[in-house]
Amino acid sequence: MDGHVREGMLLGMCNPLLDISAAVDGDLLAKYHMKPNDAILAEDQHMPLYKELVEQYKVEYIAGGAAQNALRVAQWLLGKPKVCVFFGCIGRDEFGEILVKKATEDGVDVQYQYNEKQPTGTCAVLITNNGTQRSLCANLAAANHFTPDHIRLPENKKIVQSVDYVYVSGFFLTVSVESILEVAEVALQRNKLFCMNLSAPFLSQLFKTQMMKVMPYVDILFGNETEAAVFAKEQDLEEKEDLHKVALLMTQLPKQNTKRSRIVIITQGAEPVILAKDGETKEFPVSLLPPEKLVDTNGAGDAFVGGFLAQLIQGASIDQCIDCGVWAATEIVQRSGCTFDGPAHYTP
C-alpha cells in the first residue's frame, strides 16, 4: 500500500441507493415493461415492483448507486478506511440506516445529506438469464433531492477543498448539475483530477445539456460500448461506428483544464478495454471467464472504475489502473451484486 494514501483523497458524488437484488424470470420483466439489461428510472407503473421483490423473492440488500459502488470497490482494494468520501442524499428511515451501515462497513466515509420528507432511494436489480443479464430500475426518492447547500456546509466545503480526485456518475446529472459544476470548478482551480462516467445511454439522450455543461471539466471519462455509441450519435460525432475513433473524438471535445489532456476509457464487457489519450488508442484484453463462473454482471462497470481509481490515487500508470479495473470487474462478476468478501489480492 502506497504511503501517500491518506483519508479523504477521493470524493464521489452520486445517488445513494439501497440495491434490492434478486434473481427473477423474464415474466417479471415483461410485467413491468422492462428489457434485459435495462437501466431505467422508475415511473408510477414500477412502484409496486419493490414491495413485490421483497415479499416474493429471495432478496439481498447492498449499498448501491454507481459512484458509491465504485468507491466501495476502491476501498476494498485500498484496505484503509475513509480514503473515499461520498456525498448523496438519503431519507431518515430503515433503508437509510441499512445503507449507512453497509457503506461504512465497506470503508466509505459517507457524508450523506438527509431529506426529512423523502424515503431513501432504492434500486431493483433484476437478474435474469442465469446471471448474464441484469435490469436496473431506480426509484431515486431522496437521492433526487440533493442540493448544493450540502456542499456549502463548512465541514463539506473543507472536504471539497482538500480532495485530490473527484468521481461523479452520469446519473447525478439528473439530480444536481449545479452541485457537480461547483465541485468541478474547485477541482479545476486546484488542478485536481475530475472524472465522470457516461453511466447509461438515456443520459446522453435526455440529459444532453446537463452532460455537455460538465464535459469541459472532465479529465477522465468512463463509459461502456453502448453508452459511447449513443453519445457519439447524440453529439453527432462524425465517427459513430468505430469506437476507437469515437473515443479519440471524445478526448478532443472542449476542455477547461489545459494542463492535462482528457483520457477516455471505454469498456466492452468481455471485449478489450479501449483507452484513448494523447491522440492514440490502445486496447487491453479482458480475462475471459468460463460461463459457469459468471454469476452476475451487475456492478462490473462500477467495479472496473473502483479498481482503476484505487490504483490512480496510489500514483500508478494508466495502464496499471486499467489492469486493476479489469481484475476488479472480473472478481465482482463472479458474485451476486456489487459485493466482495475478504481482502483484495490484486498484484500488478
Side-chain angles (χ1 to χ4, degrees), residues 1-2 5-21 59-91 93-114 120-123 125 134 136 138 142-143 159 163 165-169 171-172 195 197 199 222 295-314 321 324-325 327-346:
M1 171 97 195
D2 195 303
V5 172
R6 57 172 175 83
E7 288 188 7
M9 277 185 87
L10 168 66
L11 170 64
M13 292 179 13
C14 179
N15 306 328
L17 302 173
L18 186 65
D19 281 355
I20 304 173
S21 179
V59 301
E60 188 178 3
Y61 292 116
I62 305 157
Q68 189 163 248
N69 278 342
L71 264 51
R72 289 171 50 242
V73 172
Q75 280 292 158
W76 173 56
L77 275 145
L78 291 162
K80 176 181 182 173
K82 297 189 173 184
V83 177
C84 304
V85 189
F86 182 78
F87 289 168
C89 186
I90 66 171
D93 52 19
E94 192 190 349
F95 279 170
E97 284 167 25
I98 296 175
L99 200 46
V100 172
K101 184 173 175 289
K102 295 278 186 191
T104 308
E105 277 171 5
D106 289 336
V108 180
D109 180 5
V110 288
Q111 297 296 328
Y112 294 135
Q113 181 175 31
Y114 282 90
T120 295
T122 45
C123 182
V125 180
R134 55 101 180 101
L136 308 177
I159 291 169
V163 295
Y165 303 88
V166 178
Y167 174 62
V168 180
S169 81
F171 294 117
F172 205 52
C195 314
N197 204 314
S199 295
F222 300 94
V295 176
D296 171 16
T297 52
N298 179 34
D302 299 335
F304 174 85
V305 174
F308 184 98
L309 293 172
Q311 293 301 311
L312 188 70
I313 67 181
Q314 294 182 79
C321 293
C324 185
W327 179 87
T330 308
E331 289 293 306
I332 297 294
V333 296
Q334 296 180 60
R335 297 176 60 86
S336 174
C338 188
T339 60
F340 33 81
D341 198 20
H345 297 294
Y346 168 71

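Counting begins at 1 with the first residue of the sequence.
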Asker: I'd like to check Gln314 versus Leu78 (side-chain heavy atoms, cut-off strictly below 4.5 Å). Are they in contact?
Answerer: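 Of all side-chain heavy-atom pairs linking Leu78 with Gln314, at least one is under 4.5 Å.
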
Asker: From Thr104 OG1 over to Arg72 CZ, what is the distance, rounded to the nearest 0.5 angstrom?
Answerer: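 Separation between the atoms: 11.5 Å.
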
Asker: Grab the two heavy atoms, one from Pro16 and one from Tyr112, that are nearest each other, plus how far apart they are.
Answerer: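 Scanning both residues, the minimum pair turns out to be CB-CE2, 3.7 Å.
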
Asker: Roughly how far apart are Ile20 CD1 and Glu60 CD, rounded to 0.5 Å?
Answerer: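 One finds 12.0 Å between CD1 of Ile20 and CD of Glu60.
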
Asker: Check whether any side-chain heavy atom of Val110 sits under 4.5 Å from a side-chain heavy atom of Leu99, and report yes or no.
Answerer: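 The answer is no; the side chains never approach within 4.5 Å.
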
Asker: Specify the closest pair of heavy atoms between Leu17 and Ala138, including all atoms of both residues, with the distance to one decimal.
Answerer: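 Smallest interatomic distance, heavy atoms only, reads CD1-CB, 3.8 Å.
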
Asker: For Ile332 and Ala303, work out which heavy atoms get closest and say how close.
Answerer: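 Taking every non-hydrogen atom into account, CG1-CB, 3.3 Å.
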
Asker: Backbone N or O of Thr120 within a donor-acceptor pair of the Asp93 side chain at under 3.5 Å?
Answerer: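 Yes; judged by distance alone, with no hydrogens or angles, the pair exists.
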
Asker: Specify the closest pair of heavy atoms between Phe172 and Met13, including all atoms of both residues, with the distance to one decimal.
Answerer: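 Shortest heavy-atom separation between Phe172 and Met13 comes out as CE2-CE, 3.5 Å.
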
Asker: Should we count CD of Gln334 as having more than 12 external heavy atoms under 6.0 Å?
Answerer: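 Above 12, so yes.
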
Asker: Between atom CG of Leu11 and atom CD1 of Ile159, what is the distance when rounded to the nearest 0.5 Å?
Answerer: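 CD1 of Ile159 is found 7.5 Å from CG of Leu11.
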
Asker: How many angstroms lie between CD1 in Ile313 and CG in Leu77, if you round to the nearest 0.5 Å?
Answerer: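 Atom-to-atom, Ile313:CD1 and Leu77:CG are 10.0 Å apart.
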
Asker: Would you confirm whether Gln68, through its side chain, and Gly64, through its main-chain N or O, come within 3.5 Å as a donor-acceptor pair?
Answerer: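 Such a contact is found between Gln68 side chain and Gly64 backbone.
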
Asker: So, do Asn69 and Val73 sit near enough that their side-chain heavy atoms are less than 4.5 Å apart?
Answerer: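 A side-chain contact under 4.5 Å is absent here.
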
Asker: Test Cys123 against every option in Asp19, Asn15, Leu18 by the side chain to side chain contact (heavy atoms under 4.5 Å, CB included) rule and name the one that passes.
Answerer: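 Considering Asp19, Asn15, Leu18, a side chain to side chain contact (heavy atoms under 4.5 Å, CB included) with Cys123 is found only for Asp19.
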
Asker: Test side chain to side chain contact (heavy atoms under 4.5 Å, CB included) on Asp109 and Phe86; report intermediate values, then the result.
Answerer: CA-CA 6 Å; Asp109 180 5; Phe86 182 78; over 6 Å; no

Asker: Does a side-chain heavy-atom distance below 4.5 Å link Tyr165 with Met9?
Answerer: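 Yes, side chains in contact.
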
Asker: To check you understand the geometry: which heavy-atom pair defines the closest contact between Asp106 and Gln75, and what is its length?
Answerer: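 Looking at all heavy atoms of both residues, the shortest contact is O-CB, 3.2 Å.
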
Asker: Is it the case that the side chain of Trp76 and the backbone of Gly342 share a donor-acceptor pair, with hydrogens and angles ignored and the cut-off at 3.5 Å?
Answerer: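 A pair under 3.5 Å: yes.
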
Asker: Looking at Phe222, Tyr167, Tyr346, which hits ring-ring contact (aromatic ring centres under 6.0 Å, His included) with Phe308?
Answerer: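 The ring-ring contact (aromatic ring centres under 6.0 Å, His included) with Phe308 is passed solely by Phe222 among Phe222, Tyr167, Tyr346.
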
Asker: First locate atom CG of Leu312, then atom SG of Cys195, and finally report the distance between them rounded to the nearest 0.5 Å.
Answerer: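 So the gap between those two atoms works out to 6.0 Å.
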
Asker: Within the structure provided, determine whether Trp327 and Thr330 are in side-chain contact (heavy-atom separation under 4.5 Å).
Answerer: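 No; the side chains remain at least 4.5 Å from each other.
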
Asker: On a heavy-atom basis, which atom in Gly8 and which in Val163 lie closest, and how many Å separate them?
Answerer: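 Closest pair (atom of Gly8, atom of Val163, distance): O-CG1, 3.4 Å.
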
Asker: Between Lys101 and Glu97, does at least one N-O distance fall below 4.0 Å, as a salt bridge requires?
Answerer: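 Looking at Glu97 together with Lys101, the answer is no, because their closest N to O distance does not fall below 4.0 Å.
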
Asker: Are any side-chain N or O atoms of Asn197 and backbone N or O atoms of Ser199, one a donor and one an acceptor, separated by less than 3.5 Å?
Answerer: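 Yes: the side chain of Asn197 pairs with the backbone of Ser199.
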
